[in-house]
Q: 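One structure is given below, represented as structure tokens, and several questions about it will come after.
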Amino acid sequence: MTKTIPRIGSRRSGRIGSRKNIRRIPKGVIHVQAGFSNTIVTVTDIRGRVVSWSSAGTCGFRGRRRGTPFAAQTAAANAIRTVVDQGMQRAEVMIKGPGLGRDGALRAIRRSGILLSCVRDITPMPHNGCRPPKRRRV
């Protein structure tokens, strides 16, 4: 006859699953990465830990429609919806990239009701670094 050994500190305790919802985030940073083919919206806390994220691809857009402003607007709304439930009221916005989704994502962030302390463009600009590829001849 085998004795059952009680599990101490097993992963199935309810504390681990509920801890995610307890964390209150009053202020955060919203990163928008707008490429030509996709827009990725990531919401972090002040220290840089990712709280939620979404992209046009995860919202169900495929192909050419992923780079549209409407897809970026939907992705931003999805990423922010979970953060507003955790109590975020103020945020900074960092926008990177040349894509069409920049304005759509910013419009959705403004509509969400979060107060924006600053909107910053952090698109990397070369200071005459690498030589660009040859011009295409068709």
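Source: prediction; values computed, not measured.
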Q: Taking ring pair (Phe, Tyr, Trp, His ring centres under 6.0 Å) as the cut-off, I'd like each qualifying pair that reaches into residues 61-87, sequence neighbours left out, listed once.
A: Phe61-Phe70
Q: Restricting to side-chain contact (heavy atoms from CB on, under 4.5 Å), what partner residues turn up for Cys118, sequence neighbours left out?
A: Glu92, Arg120
Q: With ILVMFWY side chains joined below 4.5 Å, transitively, what does Val29's cluster contain besides itself?
A: Met94, Ile122
Q: Applying side-chain contact (heavy atoms from CB on, under 4.5 Å) to Arg110 and Val119, what does each step give before you reach the verdict?
A: CA-CA 11 Å; Arg110 283 246 161 98; Val119 178; 4.2 Å; yes
Q: Enter the distance from Lys96:NZ to Arg102:CZ here, rounded to the nearest 0.5 Å.
A: 12.0 Å
Q: Considering residues at least two apart in sequence or located in another chain, which fulfil the salt bridge (charged side-chain N to carboxylate O under 4.0 Å, His left out) criterion with Asp103?
A: none
Q: Are Leu116 and Ile25 joined in one hydrophobic group, where the rule is that I, L, V, M, F, W and Y side chains link up if heavy atoms are under 4.5 Å apart?
A: yes
Q: Applying salt bridge (charged side-chain N to carboxylate O under 4.0 Å, His left out), name anything that partners Arg66, two or more places apart in sequence or on another chain.
A: none
Q: Enumerate the side-chain hydrogen bond (donor to acceptor under 3.5 Å, both in side chains) contacts for residues 125-138, please, sequence neighbours excluded, ordered by first and then second residue.
A: none
Q: So, using side-chain contact (heavy atoms from CB on, under 4.5 Å) as the criterion, who are the partners of Ala105 when residues are at least two apart?
A: Val32, Ala72, Ala76
Q: Does the side chain of Val43 come within less than 4.5 Å of Met88's, by heavy atoms?
A: yes
Q: Which distance, rounded to the nearest 0.5 Å, do you find between the CG of Leu115 and the CD of Gln89?
A: 8.0 Å
Q: Show the atom names and distances, to 0.1 Å, of all donor-acceptor pairs under 3.5 Å that link a side chain in residues 33-40 to residues at least two apart or in another chain.
A:
{"residue": "Asn38", "atom": "OD1", "partner": "Ala56", "partner atom": "N", "Å": "3.4"}

Q: So, for Ser117 and Arg90, which heavy atoms are closest and what is the spacing to 0.1 Å?
A: CB-NH1, 4.3 Å
Q: Mind checking the CD1-OG1 spacing from Ile30 to Thr44? Nearest 0.5 Å is all I need.
A: 9.0 Å
Q: List the atom pairs, with distances to 0.1 Å, where a side-chain N or O of residues 77-84 and a protein N or O form a donor-acceptor pair under 3.5 Å, not counting sequence neighbours.
A:
{"residue": "Asn78", "atom": "OD1", "partner": "Arg81", "partner atom": "NH1", "Å": "3.3"}
{"residue": "Asn78", "atom": "OD1", "partner": "Arg81", "partner atom": "NH2", "Å": "3.3"}
{"residue": "Thr82", "atom": "OG1", "partner": "Ser52", "partner atom": "OG", "Å": "3.3"}
{"residue": "Thr82", "atom": "OG1", "partner": "Ala79", "partner atom": "O", "Å": "3.3"}

Q: Taking all heavy atoms of Ala75 and all of Ser55, pick out the closest pair and write down the distance.
A: CB-C, 3.6 Å
Q: My understanding is that a hydrophobic cluster links ILVMFWY residues whose side chain heavy atoms are under 4.5 Å apart, including indirect links. Using that, what else belongs to the cluster containing Leu100?
A: none
Q: Partners of Asp45 by side chain to side chain donor-acceptor pair (under 3.5 Å), sequence neighbours excluded?
A: Arg49
